[in-house]
Protein chains: 2
Amino acid sequence: MAKYDSDLSLLFHALSDPTRRALLTRLAAGPAPVTELAAPTGLRLPTVMRHLSVLEEAGLIATSKDGRVRSCAIVPEALAPVRTWLDEQRNIWESRLDRLDSYVMKIMEERAK
Amino acid sequence: MAKYDSDLSLLFHALSDPTRRALLTRLAAGPAPVTELAAPTGLRLPTVMRHLSVLEEAGLIATSKDGRVRSCAIVPEALAPVRTWLDEQRNIWESRLDRLDSYVMKIMEERAK
DNA sequence: ATCATAGTTAGCCACATGGCTAAGTATGAT
DNA sequence: ATCATACTTAGCCATGTGGCTAACTATGAT
């Protein structure tokens, strides 16, 4: 249960679809209305709408409606938690390498006796 | 179709589950057999096995069997494509932000409420 | 040879996901 | 007032996902 119990799960899930990543990349060039976003995907509007909803619920994009046009824009800081998690993982791994290193050193010193 | 048509999709999908991220974090401390990995999750063995399969198919871990024990270990460089993608996006997104498009800012402020 | 341990495989279940069509709503143009 | 545009909602379908139990295999210990 509570499959997406954190921002991180929502974010990673949103990013796991190629269509959604393509939408993000397109939006990086600037805001765009839904129909314009849908065009290059080859998908129907409702399908694209749902992809956009996933992106919005993950906080990766923000939308606003002006007249009958809904404009979508990227939320640049939304990727921060992903970066943080990646950095943490790297740090843990490196500290493990350090420990392994000192362990090896210890053994080598032991043998040097 | 071809939902996970790239490494990136496989990776993001693998990372989108809290249990799998927890497994990775545990494995960052060093290799471990399946049963030991399963213990803290509160999940049954077959369930954990499948999570491990997803991680392995994404290339995030590697496993090997010694006797009846299967040992799982992290593949640290597997996260590289994710980092790369993230860096690319950040570069695009930030250069976009540098232009300070007032329309984007307006939407972001709207959503911040 | 027997038993315990550590996976492994098969299969069931409820729900989520990604695609669609069809029909509805709201707004700009004529 | 009418019509086209731009979503929006509802709902169908096939497949995927994450959990489980039960039963099986393989290996180490006695």
Side-chain angles (χ1 to χ4, degrees), chain A residues 1-24 26-27 31-58 60-73, chain B residues 1-24 26-27 31-58 60-73 103 107 110-111:
Chain A
M1 20 253 92
K3 186 177 169 190
Y4 300 123
D5 58 350
S6 75
D7 291 356
L8 228 35
S9 295
L10 274 174
L11 283 168
F12 279 128
H13 170 65
L15 296 175
S16 73
D17 185 280
T19 299
R20 286 194 288 267
R21 288 198 304 277
L23 287 171
L24 281 182
R26 161 62 190 85
L27 284 175
V34 177
T35 301
E36 188 182 318
L37 289 171
T41 65
L43 298 175
R44 300 292 181 172
L45 221 49
T47 306
V48 174
M49 288 277 301
R50 275 179 45 192
H51 280 303
L52 291 171
S53 299
V54 172
L55 289 172
E56 188 166 20
E57 275 167 34
L60 286 164
I61 69 172
T63 76
S64 69
K65 204 159 180 183
D66 179 22
R68 58 188 163 164
V69 176
R70 173 168 301 278
S71 184
C72 306
Chain B
M1 309 298 126
K3 188 176 169 191
Y4 300 122
D5 58 350
S6 75
D7 291 356
L8 228 36
S9 296
L10 273 174
L11 283 169
F12 279 129
H13 170 65
L15 296 175
S16 73
D17 184 280
T19 299
R20 287 193 288 266
R21 289 197 305 278
L23 287 171
L24 280 183
R26 161 63 189 83
L27 283 175
V34 177
T35 301
E36 188 181 319
L37 289 171
T41 65
L43 299 175
R44 300 294 181 169
L45 221 49
T47 306
V48 174
M49 288 277 300
R50 274 179 45 191
H51 280 303
L52 291 172
S53 299
V54 171
L55 289 172
E56 188 167 21
E57 274 166 35
L60 285 164
I61 68 170
T63 76
S64 67
K65 203 159 178 183
D66 179 22
R68 56 186 166 168
V69 175
R70 159 154 266 122
S71 184
C72 306
Y103 186 59
I107 291 177
E110 202 68 23
R111 288 299 290 183

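Keep in mind that the numbers below use all heavy atoms, side chains included, and drop hydrogens, waters and symmetry copies. All figures in this text were calculated on a predicted structure; none of them were measured in a lab. Order of the sequence lines sets the chain letters (A, B, ...), proteins ahead of strands, with each chain counted from 1.
- Under the 4.5 Å side-chain criterion, counting only non-hydrogen atoms from C-beta, A:Leu24 is in contact with A:Leu15.
- When the side-chain nitrogen and oxygen atoms of B:Thr35 are compared with OP1 and OP2 of C:dT5, none of them lie within a distance under 4.0 Å.
- Interatomic distance, CZ of A:Arg70 versus CG of A:Leu37, reported as 12.0 Å (0.5 Å rounding).
- The CG atom of A:Leu55 sits 13.0 Å away from the CZ atom of A:Arg50 when rounded to the nearest 0.5 Å.
- Put simply, the side chain of B:Cys72 reaches to within 4.5 Å of the side chain of B:Leu27, judged on heavy atoms.
- Annotation: side chain of A:Val34 is not in contact with side chain of A:Thr63 (no heavy-atom distance under 4.5 Å).
- Side-chain contact check for A:Arg21 versus B:Ser9: some heavy-atom pair is nearer than 4.5 Å.
- The residue from B:Leu52, B:Leu11, B:Val54 that alone fulfils the side-chain contact (heavy atoms from CB on, under 4.5 Å) condition with B:Leu60 is B:Leu11.
- For the segment residues 64-72 of chain B, the set of residues with a heavy atom within less than 4.0 Å of an atom of DNA chain C comprises B:Lys65, B:Arg68, B:Val69, B:Arg70, in numerical order.
- Side-chain contact check for A:Leu43 versus A:His51: some heavy-atom pair is nearer than 4.5 Å.
- Remark: P of C:dG18 and CG of A:Leu55 are 10 Å apart, rounded to the nearest angstrom.
- What separates NE2 of B:His51 from P of C:dG7 is a distance of 17 Å, to the nearest Å.
- Between the P atom of D:dA6 and the CG atom of A:Leu37 lies a distance of 13 Å, rounded to the nearest Å.
- Distance A:Arg21 CZ to C:dG18 P: 12 Å, rounded to the nearest Å.
- The side chain of A:His13 contributes no N or O atom lying less than 4.0 Å from OP1 or OP2 of C:dA16.
- A close approach under 4.0 Å does not occur between any side-chain nitrogen or oxygen of B:Thr19 and OP1 or OP2 of D:dG18.
- In this structure, B:Arg50 and A:Leu43 both approach DNA chain C, and ranking their closest nucleotides by distance from the 5' end singles out B:Arg50.
- Atom CZ of A:Phe12 and atom P of C:dA16 are 22 Å apart (whole Å).
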Which atoms of nucleotides 21-23 of chain C (N or O only) lie under 3.5 Å from a protein N or O atom, and what are those distances?
from	atom 1	to	atom 2	distance (Å)
C:dT21	OP1	A:Arg44	NH2	3.3
C:dT21	OP2	A:Arg44	NE	3.1

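- The CE atom of A:Met49 sits 17 Å away from the P atom of C:dT17 (whole-angstrom rounding).
- In this structure, A:Leu52 atom CG and D:dT8 atom C1' are separated by 13 Å, rounded to whole Å.
- Using a distance-only test at 3.5 Å, with no hydrogens or angles considered, a donor-acceptor pair links the side chain of B:Arg20 to the main chain of B:Ala14.
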